[in-house]
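Comments concern the structure below.
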Number of protein chains: 2
Amino acid sequence: MATSPVPDTGRSSDGEPARHAAGRRRGATIQDVAREAGVSRAAVSKVIRNAYGVSDQMRARVEAAIATLDYRPRVAARAMRGASFTLGLEIPQIGNDFHSVIASAATEVLAETSYQVVIAPIRDPQQGDKALQSLADRQVDGIVAVAPLVSTDWLDTLAERVPLVMVGRHDVSTRYDTVAGDDESGAEQVMEHLVELGHRRIAFLDVDRRRAAGKSYISPTGRDPHSIRRRVYHEHMGALGLAPLVVESLGHMEEDAAAAVSEILTSGPHPTAIFAGHDTLAVGALRAVAAAGLDAEDVSVAGFDDIPIASHPLISLTSVDQQGYAMGAEAVRLLLERIDGRTEAVQVQMPTSLRVRASTRPPRSVEGVRPEPGDDR
Amino acid sequence: MATSPVPDTGRSSDGEPARHAAGRRRGATIQDVAREAGVSRAAVSKVIRNAYGVSDQMRARVEAAIATLDYRPRVAARAMRGASFTLGLEIPQIGNDFHSVIASAATEVLAETSYQVVIAPIRDPQQGDKALQSLADRQVDGIVAVAPLVSTDWLDTLAERVPLVMVGRHDVSTRYDTVAGDDESGAEQVMEHLVELGHRRIAFLDVDRRRAAGKSYISPTGRDPHSIRRRVYHEHMGALGLAPLVVESLGHMEEDAAAAVSEILTSGPHPTAIFAGHDTLAVGALRAVAAAGLDAEDVSVAGFDDIPIASHPLISLTSVDQQGYAMGAEAVRLLLERIDGRTEAVQVQMPTSLRVRASTRPPRSVEGVRPEPGDDR
DNA sequence: GTGAAAGCGCTAACAC
DNA sequence: GTGTTAGCGCTTTCAC
């Protein structure tokens, strides 16, 4: 491993510096190092890979040469024969706090290994397959993807080529692993909480997936987190004899949700509580509620994921904690296991717990049980 | 470009499927495609690169073969000869909203080109050089980095190897471009605003950079955004004959800032206003203020960057908008220009404007001019 | 323990 | 217009 903190000139000891078309200097190659150290290329390769069969003396010479030339192995060249020592992380939206938490966890776990992470954002939700595919083209040694909008068959095929772990999918595949929250029980907790507070006109805020996904909309298997949360909502409403009301946002962004909620708040009687499909939508809902001059007693809002801002005292959003950080860490751990040879598929489900905060209150009209306005941090 | 949405088996038409050590199937190669189409490898290469000199007939045959085999060029192999068609984006912290905005912008601009983006998070602020270096090792065709903690010399040397654009640095290098906000005027606007409201005990909330950076602390050139903001703060306080008070957070995270601010709020007389070095710190400060049961008339808070949550009515943070999205887009544009051959360095400075919101109020003790509590969205 | 040789999959000259 | 050739920098047998 090179140690010099400054990239060197890459000038090999015995010749002119290699240059690229645009006059760019190229770094030293394994050949240069071998020459400098007076050994063969293979010997250098062994040293940098920590492989078996190098004498201490040779190792020292090679390491000195590496330091002198500030040699750095080209990942592309290594990837052609062996591994790239790179793991790909695919997240649907950069800037989504829940995804960020997962990414942070992954990055941190990987910091203890010799793997690098590259994050590939999906530029277009319809193109989840493209993004995953391009990660595979990049010859990463494994992929963690967060809830991509692709079919299980497609993933199965991809998994034949590269070790794969999915976060936020409940698929039971034999070829890749999954890590997901217990969406069923999480959603139940939300509904029970709202009902207990006395709410009856409860809306579910979801993304209009058909429009968000566009033409290549993947048929809902019913096993994705949002379908489950929505189904549980419907079941509870049905069981109580209440009329369901689904509010559909045009996208996953806060402003999309705010716009959708604004609309229902200004047109006639509105729900007294909103169960949002995830926290970013919930925060957008809060935006609309506050902008309309209303508060939690007019319209309570609950979310899912317990993103960091949810616990902010000024936001204080009731949400379902599904341990995003642990999910990300676990996903990476599973991936490393897979790279290491495991072939049986594993499904992990994280327990959920409801964090009750100030965004959910008994509706103004009802004499319900006052919750303690406790903030859990 | 292959069009089949599903990765195929990669079985070449005339032989057994290539397999990897771990029994992983490998995809078709350019050789397989050439065989299938009955042409040479070079011909296939020309077709996929859209290069000059291919007859329509041959192009059709090749494209059919590509589709049949679901051929996908290996990025690693391409990178060894030509370009990787990948741009690297280096952001200091995944999950920081300002960085996310920049990353989104970059991703969006690149979506219109044939370039892919990979994001490399810095796992350790002390290791900005490592992260950049590893992006270079990955043979990306260019790099956009957000305010890495490295010296200009180091960047100059790196820039000899790969096209480079820095965001949030005011360096004037001859070898790489910079895009930065007008930190000087932005900070002035904040200070003038706070003073005009009647504040006199104004604190500056900054990250304790020496501790955050650790041993490899890069000497402050004074040209980085935070040094400038802090200097302007000191200048204003000095000009008014006021005693400066710098509150130092242990890190860039919201909770670090909240902890630091909590401390000064509970120990004796506290400032009536806090100018935070960036919005994440400001949101953390608001957390501490709210947790202490105080509001904007007790302690006003202003930030820098105008991250999306700042405009949330429940947060309503006064902040300096430096057009993060435009910065990200501009950085990518400059990088593409550089890849295209430009060699003169360019420095872009974005204008700033203060978004006054509810988090800054006249101090309770003062009869100042009430600002309009306008929220700008 | 060490080195020579054979590729990995692709592109860029240069022949034809 | 099309095919042939020579590598890019690395890893990996397999002799020595």
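Just so it is clear, the structure is predicted and the values come from calculations on it, not from any experiment. Chain letters run A, B, ... following the sequence lines, proteins first and then strands; every chain starts at 1. Worth knowing before you read on, the calculation uses all heavy atoms, side chains too, and leaves out hydrogens, waters and symmetry mates.
C:dC10 atom C1' lies 11 Å from atom CD of B:Q31, rounded to whole Å. Rounded to a whole Å, the CD1 atom of A:I48 is 7 Å from the P atom of D:dC10. The separation between B:R59 atom CZ and D:dT2 atom P is 11 Å, rounded to whole Å. When the P atom of D:dC10 is taken as reference, atom CZ of B:R74 falls 20 Å away, rounded to whole Å. Straight-line distance from the CZ atom of B:R161 to the P atom of D:dC8: 17 Å, rounded to whole Å. With rounding to whole Å, A:R81 atom CZ is found 11 Å from D:dG9 atom C1'. Put simply, CD1 on B:I30 is 14 Å from C1' on D:dT4, counting in whole angstrom units. If you take CZ of B:R41 and P of C:dA13, they are 16 Å apart, rounded to a whole angstrom.
Using a distance-only test at 3.5 Å, with no hydrogens or angles considered, no donor-acceptor pair links the side chain of B:D177 to the main chain of B:V165. In this structure, the side chain of B:R49 does not engage the main chain of B:V47 through any donor-acceptor pair within 3.5 Å. Between the A:S173 side chain and the A:D156 main chain, no donor and acceptor come within less than 3.5 Å of each other.
Using a 4.0 Å cut-off between a side-chain N of Lys or Arg and a carboxylate O of Asp or Glu, B:R59 and B:D56 do not qualify as a salt bridge.
For the atom pair CZ of A:R138 and OG1 of A:T86, the computed distance is 10.0 Å after rounding to the nearest 0.5 Å.
Within 4.0 Å (heavy atoms only), A:S45 reaches at least one base atom of the nucleic acid.
A residue-by-residue look at B:A42 and A:K46 shows that B:A42 has its nearest nucleotide of DNA chain D further toward the 5' end.
Between C:dT11 and B:R78, a contact under 4.0 Å exists linking OP1 or OP2 to a side-chain N or O. OP1 or OP2 of D:dG1 has at least one side-chain nitrogen or oxygen of B:Y52 nearer than 4.0 Å. Regarding contacts with the backbone of C:dA12, a side-chain N or O of B:R49 is found under 4.0 angstrom from either OP1 or OP2. Residue B:T29 places none of its side-chain N or O atoms closer than 4.0 Å to OP1 or OP2 of C:dC8.
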